[in-house]
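This report concerns only the one structure given below.
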Amino acid sequence: MRRPTVVQPMEPVSPMRWSRYPINTMKDTPAEAELVSHRLMLRAGLIRRLAAGIYTWTTLGLLTLRKVEAIVREEMDRAGAFEVLMPAVQPAELWQESGRWGEYGPELLRLQDRHERDFVIGPTHEEVITDFVRRDLQSYRQLPVNFYQIQTKFRDEIRPRFGVMRGREFIMKDAYSFHLDEASMAAGYAAMRDAYTRMFTRMGLDFRAVRADSGAIGGSASEEFQVLADSGEDAIVFSDGDAYAANLEMAEAVAPAAPRAAPAAALERVATPQVRTIAALTAFLNVPAAQCAKTLLVEAADGGVVALVLRGDHELNAVKAQKLAAVASPLRLASAEAVLAASGAEPGFVGPVGLKCPVIADRSAVVMADFTCGANAHDTHLTGVNWGRDLPEPQVADIRNVVEGDASPTGTGRLSIMRGIEVGHIFQLGRKYSEAMNCAVLDEAGRSTTLLMGCYGIGVTRVVAAAIEQNHDDRGIIWPEPIAPFQVVLVPINPAKSQRVRETADRLYDEFTRAGIEVLLDDRDARPGAKFAVAELLGIPHRIVVGDRGLDAGKLEYRHRRATESEELAVDDALAFIRSRLAPR
RNA sequence: CGGGGUGUAGCUCAGCCUGGUAGAGCACUACGUUCGGGACGUAGGAGUCGCAGGUUCAAAUCCUGUCACCCCGACCA
């Protein structure tokens, strides 16, 4: 028996016979891939890299990508949003009008046309949609309205990495809603929150909605949808006492319950040669880090410097710090020269005592008593320092990252920290863009009213990577069924040798296909082990093996991708059996 | 952008130190043997050694420059 010969072009072929389907898997992992999802996407042949952060989606990869898109589209439509498709290339004028031409920075890919007119490749579409709406909507009667698109974006990331997880070119679903008043904006936001919850639930992902910083996009209320995965780039914070969940950037660190103790020690100067870090200090003086003050000098909004004081075992939260009026945004550490000028010492020996600049202490730092800190002199620290006695009471703010075990800001429970992958982000934007771009309609009373906006993003390509990050084992991908490229893989054993096997597999394939089940028939003349290994790499949820061994008893073998054992089923029951195992769609 | 590293066949890499015929495994093609967990044999196709300059009788190898990519830190769907 020969291998399946190449089918002539005129001959109708069924698209899902493996021998005719473009699947290209790899045994070796390309050296560039660090993250599991990136490795598996390359090995399974879902994506191929063209340049840094720029990928081709293969036929196989597209099957999953399109399924994710379809779920997103269905839920957006269900929520009453209307699909549009905006240009990827946008004129600079719109960005100048909104002010972001100057604000956005190098992440915005700018280009010129032949007439030397400036354009950008859209990293997001607030400007374009606002322009569209201000031209097309004239009456409050047309509100509220929500437009969305599923489209390719480009962000010239500082460091693209992890394959499609943090690519420069990526597919995003972005939606923008327009409202006459706050209540309507809040309702539109809530509707999107529900839609997102439905989508990610349908996709079979373990995710959480968490409070977030609204960052560069601007606006007020904002939540991120985070897929839980140890490899996630974001730290997310949960309370064990209630539903509180927030991005670490946003999670409030509450003031300690216990008041500051009365001073018990005298202020002393101690020589601490070469002791520049909290770790070195705790070792050298044998004091706990929580008893030390960490003083960071950062650039001030007025051009000078500001001292930020934290407990030695805590970390500065840059997002919180740069929101303080006195602190320059974005946050930058003061230069070594500026540190010397303000403190009289080099970094490592700075402390809040006698500093010639404003001092802002964290809520946890201000309740310390008898603490240790830099003396603002070379190779010297102070011990037994007390606020109020040895230095003025500082301004107090929440400027640190919460840590595991902190009290929840809601007052109930303790905080724990997990890792997440941000796959969605929803914002109430308010009038940031509509005001800058004069997007208004006439209200009931005939008054011109600037619209309120919400915007809602989903990283469609990132969702695929996140799903793999959360669903894999050492053999490969384990797709959640709703986004699997195929629901079923049919594996005939030695079909070239057994006509019975071949015919049974063909018949099941036709039967399943007619029933609307997405089935891939592995009709290659490969060894069984190779077929199993590749099917597992691809992560197809349901596998049916057709072999002479089973057919002698009229049986097939079924195995779910997550199962470790196969089960038998009668050939004649195959369709009914598979239907019973498929998730309702 | 700062720090570290890598560019040799589609993929993983050896060769470079010590200059002299460009290699292995996987993948691919043909044939044969094999056939329930990524088989084996034989034969074959496939590489401007990232690019440019220099040194040299001779450069994948040494030197200079340049580009690309990867990893670690500040941004985001």
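Values below: all heavy atoms of this structure, side chains included; hydrogens, waters and symmetry mates excluded. In the text below, chain A, chain B and the rest are named by the order of the sequence lines, each starting its count at 1.
For the pair A/Arg110 and A/Trp101, the cation-pi criterion (under 6.0 Å, within 45° of the ring axis) is fulfilled.
Using a 4.0 Å heavy-atom distance criterion, A/Val460 is classed as making no nucleic acid contact. Across all strands shown, A/Ile458 has heavy atoms under 4.0 Å from sugar-phosphate atoms exclusively, and none from any base. Nucleic acid contact class of A/Gly547 (heavy atoms, under 4.0 Å, all strands): base. Using a 4.0 Å heavy-atom cutoff across all strands shown, A/Asp174 reaches no nucleic acid atom at all. Within the 4.0 angstrom heavy-atom criterion, base atoms lie near A/Arg543. Within 4.0 Å of A/Glu224, counting heavy atoms only, lies no atom of the nucleic acid at all.
Distance CZ (A/Arg100) to P (B/C75): 17 Å, rounded to an integer number of Å. Rounded to an integer number of Å, the gap from A/His125 NE2 to B/A77 P is 15 Å. In this structure, the CG atom of A/Leu429 is 11 Å from the P atom of B/A77, given to the nearest Å. Regarding A/Asn247, its CG atom lies at a distance of 11 Å from the C1' atom of B/C76, rounded to whole Å. One can place CG of A/Asp525 at 13 Å from P of B/U33, the figure rounded to the nearest angstrom. Between the CG atom of A/Asp156 and the C1' atom of B/C1 there is a distance of 13 Å, given to the nearest Å. One interatomic measurement links the two molecules: CZ of A/Arg161 to C1' of B/G73, which rounds to 9 Å at whole-angstrom precision.
Distance check on atom C1': B/U48 versus B/A22 gives 13 Å, rounded to whole Å. B/U61 sits 12 Å from B/C16 when the P atoms are compared, rounded to a whole Å. Only the P atoms considered, B/G41 is 9 Å distant from B/G25, to the nearest whole Å. Rounded to the nearest Å, the gap between the P atom of B/G15 and that of B/U56 is 28 Å. With both ends at atom C1', the span from B/C13 to B/U6 equals 12 Å, rounded to whole Å. Taking the P atom of each, B/A14 and B/A9 are spaced 12 Å apart, rounded to whole Å. Taking atom C1' in both B/G19 and B/A60, the straight-line distance is 10 Å, to the nearest Å. The C1' atoms of B/G10 and B/G5 are separated by 24 Å, rounded to the nearest whole Å.
An OP1 or OP2 oxygen of B/G38 is reached within less than 4.0 angstrom by no side-chain nitrogen or oxygen of A/Arg527. Side-chain nitrogen and oxygen atoms of A/Arg159 include none within less than 4.0 Å of the OP1 or OP2 phosphate oxygen of B/C75.
By the neighbour-count criterion of 12 heavy atoms within 6.0 Å, atom CG of A/Asp552 is densely surrounded, having more than that number from other residues, nucleotides or ligands.
The base of B/G38 sits within donor-acceptor range of the side chain of A/Arg43, with an N or O pair under 3.5 Å. For B/C69, the base has no donor-acceptor partner in the side chain of A/Arg49 [N/O atoms by modelled type, under 3.5 angstrom].
Identified under the ring pair (Phe, Tyr, Trp, His ring centres under 6.0 Å) test for residues 522-558 of chain A, with sequence neighbours left out: A/His542-A/Tyr558, A/His542-A/His560, A/Tyr558-A/Phe577.
Considering only side-chain atoms of A/Ala533, the nucleotide from B/C76, B/C75, B/G38 that sits closest is B/G38. When the nucleotides B/C35, B/G38, B/C72 are ranked by their closest atom to the side chain of A/Val534, B/G38 comes out on top. Of all nucleotides listed (B/A77, B/C75, B/C72), B/C75 comes nearest to the side chain of A/Glu107. In this structure, of B/G38, B/A77, B/C35, it is B/G38 that holds the atom nearest to the side chain of A/Lys27.
Among residues two or more places apart in sequence or in another chain, the side chain to side chain donor-acceptor pair (under 3.5 Å) test is passed with A/Arg198 by A/Glu75. By the side chain to side chain donor-acceptor pair (under 3.5 Å) test, A/His472 pairs with no residue at all, sequence neighbours left out. Every residue meeting the salt bridge (charged side-chain N to carboxylate O under 4.0 Å, His left out) condition with A/Asp473, not counting sequence neighbours, appears here in chain and number order: A/Arg561. Taking the salt bridge (charged side-chain N to carboxylate O under 4.0 Å, His left out) definition, one finds that A/Glu469 meets it with nothing, sequence neighbours left out.
Taking the six-membered ring where tryptophan is involved, the planes of A/Phe200 and A/Tyr196 are perpendicular, since the angle between them exceeds 60° and thus also 30°.
Stacking is found between A/Phe170 and the pyrimidine-like six-membered ring of the B/A77 base under the 5.5 Å centre-distance and 30° plane-angle cut-offs.
The partner of B/A77 is absent, by the rule that a Watson-Crick or G-U pair needs both atom distances under 3.5 Å. Pairing of B/A22, defined by two Watson-Crick or G-U wobble distances under 3.5 Å, is not identified with any nucleotide. In this entry B/A60 has no Watson-Crick or G-U wobble partner, no candidate having both defining distances under 3.5 Å. B/G44 is paired with B/C28 under the criterion used here, namely a Watson-Crick or G-U wobble arrangement in which both key atom distances are under 3.5 Å. Nucleotide B/A39 forms a pair with B/U33, judged by Watson-Crick or G-U wobble geometry with both contacts under 3.5 Å.
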Between A/Asp206 and A/Arg208, is a salt bridge (Lys or Arg N to Asp or Glu O under 4.0 Å) present by the stated rule, with each step listed? CA-CA 7 Å; A/Asp206 185 12; A/Arg208 300 288 187 281; 2.9 Å; yes
Can you build the contact string for nucleotides 6-15 of chain B? Use B for base contact, S for sugar-phosphate-only contact, and - for no protein heavy atom under 4.0 Å. -----BSS--
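Side chains of A/Trp95 and A/Glu103 form no contact here, defined as non-hydrogen atoms less than 4.5 Å apart.
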